[in-house]
Amino acid sequence: PGGGLAAGQVGQFRGQIGGHPREDTRSAAPRDGGTQPRRWGSMEALQVLAAGGGAPEVELPDDLAARYGAPLTLGAGALYANFVQSLDGVVAIRGVRSPGARIGLRSVADRFVMAVLRASAHAVLVGGNTLREAPGHRWTPADIFPPLADSFARMRRALGLPADPQLVVVTASGDLDPAHPALQAGAWVVTTPAGAAVLGTRLPAACRLEVPAGEAGERVDLAATLAAVRAEGFARVLSEAGPSLTHQLLAAGLLDELFVTLSPVLVGGDPTQVSGLAGREELAAWWDPGELVSVRRSGDHLFLHYRRPAP
């Protein structure tokens, strides 16, 4: 333990990418009555390598705090993103279902951190492609880490939050499956006029359809979207968007904090099939540089928390 990437992990990853899809345990909670993966019960507490303050602490129940380590600090009105990337900077693989789960080697600790960040959020923002890549998933703490569902529920009650964060789906095209359980549960769908025309009246009654005021382009106005979300009282917003939408949020200067899981794997491959944070806009000047808030470790995975520096 603690050394380089094990040969078995390399083989597992190659099998997932090049062979038949395997069970996607990152986006598949045991809703069908199946047994929970044994490795959930063997998760050890994250090792805190570095931790800083500078923002309010999010109160965690004792059992979650023991696993997470040092306190979680997070801006009260922050838009914060969470994603996993390989050692060579890959965050997405074209044509692969739930690529984040596979790049992350299905790390149990990664799932736990995701659940903690979801439990801290008033709302969770995803793009249409993320929704399509995870059929059957709901963006709740319990869905990503069922064994600690009760603890996450206690955490949200203590924070004065509803049972689940509000899901916000951003889609320029309107290409969504109305039968998706996340939509059936009641999501906000933010789109363009063209996307709204595609969706028509197909969305479930529990959904709310939004077209930002003045929206007329091919992209959704993300600043207007975020303003509308916060106007409804959803102050702390977690983004689990894919690389293109994350890039747009970064380029627009909207993201305040980043939680990046660094997975001990090299993806390589055809550059037209893998990508980092893809987009047209230059990001080099966005953080100058980012402030490192904390570093945690589980096995060979690192969990990095960066904050946008104060102006």
Side-chain angles (χ1 to χ4, degrees), residues 29 31 45-46 48 51-82 110-126 137-170 181-190 204-208 210 222-241 249 254-259 293-294 296 303 305-308 310:
R31 290 182 298 273
L46 298 177
V48 180
E57 293 183 6
V58 177
E59 184 176 353
L60 305 179
D62 289 346
D63 57 338
L64 299 182
R67 288 176 171 85
Y68 193 67
L72 168 63
T73 60
L74 192 58
L79 173 62
Y80 56 108
N82 175 224
D110 183 40
R111 293 167 62 91
F112 172 73
V113 171
M114 291 177 73
V116 168
L117 297 178
R118 288 182 184 183
S120 305
H122 294 81
V124 176
L125 182 148
V126 302
H137 189 60
R138 292 185 59 197
W139 278 261
T140 68
D143 216 43
I144 200 66
F145 210 97
L148 293 176
D150 290 344
S151 297
F152 289 118
R154 289 200 316 273
M155 174 180 167
R156 290 187 64 81
R157 286 195 298 269
L159 294 173
L161 299 175
D164 294 323
Q166 175 63 56
L167 180 65
V168 179
V169 182
V170 175
L183 299 182
Q184 293 289 328
W188 283 19
V189 177
V190 186
C207 282
R208 172 172 169 174
E210 294 276 350
L222 297 177
T225 297
L226 187 59
V229 168
R230 286 180 168 155
E232 294 291 333
F234 302 114
R236 198 158 48 220
V237 180
L238 165 64
S239 171
E240 290 191 19
L249 291 168
L254 297 174
L255 273 174
D256 302 301
E257 309 196 26
L258 292 174
F259 290 82
V293 178
S294 67
R296 287 170 167 80
F303 301 87
H305 176 193
Y306 284 91
R307 180 175 297 134
R308 186 178 187 178

Hey, what do you get for CZ (Arg118) to CG (Leu167), rounding to the nearest 0.5 Å?
9.5 Å

Report the C-alpha distance between Ile144 and Trp139 in whole Å, list the side-chain angles of each, state the deciding distance to 0.1 Å, and finish with yes or no for side chain to side chain contact (heavy atoms under 4.5 Å, CB included).
CA-CA 8 Å; Ile144 200 66; Trp139 278 261; over 6 Å; no

Are the side chain of Glu240 and the backbone N or O of Asn82 linked by a donor-acceptor pair below 3.5 Å?
no

Distance, nearest 0.5 Å, that separates OH of Tyr306 from CG of Leu255:
15.0 Å

A side-chain contact here means heavy atoms from C-beta on lying under 4.5 Å apart; do Val169 and Val190 qualify?
no

Contact list for residues 66-81, test side-chain hydrogen bond (donor to acceptor under 3.5 Å, both in side chains), sequence neighbours left out:
Thr73-Arg307

Distance (rounded to the nearest 0.5 Å) between Leu64 CG and Phe145 CZ:
9.5 Å

Are side-chain heavy atoms of Leu72 and Glu57 found at a separation under 4.5 Å?
no

So, His122 and Gln166: side-chain donor and acceptor under 3.5 Å apart, yes or no?
no

Atom pairs and distances, side-chain donor-acceptor, residues 223-239, under 3.5 Å, sequence neighbours left out:
| residue | atom | partner | partner atom | Å |
| --- | --- | --- | --- | --- |
| Thr225 | OG1 | Asp221 | O | 2.8 |
| Arg230 | NE | Ala235 | O | 3.3 |
| Arg230 | NH2 | Gly77 | O | 2.6 |
| Glu232 | OE2 | Arg208 | NH2 | 3.3 |
| Arg236 | NE | Ser120 | O | 2.7 |
| Arg236 | NH2 | Ser120 | O | 3.1 |
| Ser239 | OG | Ala241 | N | 3.3 |

Nearest 0.5 Å, please: how far is CZ in Phe259 from CZ in Phe303?
12.5 Å

Please confirm whether the backbone N or O of Arg138 pairs with a side-chain atom of Asp143, one donor and one acceptor, at under 3.5 Å?
yes

Heavy atoms of Ala182 and Ala187 approach each other most closely as O-CB, 3.8 Å

Evaluate Val124 against Val168 for side chain to side chain contact (heavy atoms under 4.5 Å, CB included), listing each step before the verdict.
CA-CA 6 Å; Val124 176; Val168 179; over 6 Å; no

Closest non-hydrogen atoms of Pro165 and Pro141, given as atom of the first, atom of the second and distance, are CD-CD, 4.0 Å

Looking only at heavy atoms, what is the nearest atom pair of Gly75 and Glu257, with distance?
N-OE2, 3.0 Å

Selection residues 151-160 - residue pairs positive for side-chain hydrogen bond (donor to acceptor under 3.5 Å, both in side chains), sequence neighbours left out:
Asp63-Ser151, Asp63-Arg154

Indicate yes or no: at least one non-hydrogen side-chain atom of Val113 is less than 4.5 angstrom from one of Leu46.
yes

What I'd like to find out is whether the side chain of Leu125 reaches to under 4.5 Å of the side chain of Val170, using heavy atoms alone.
yes

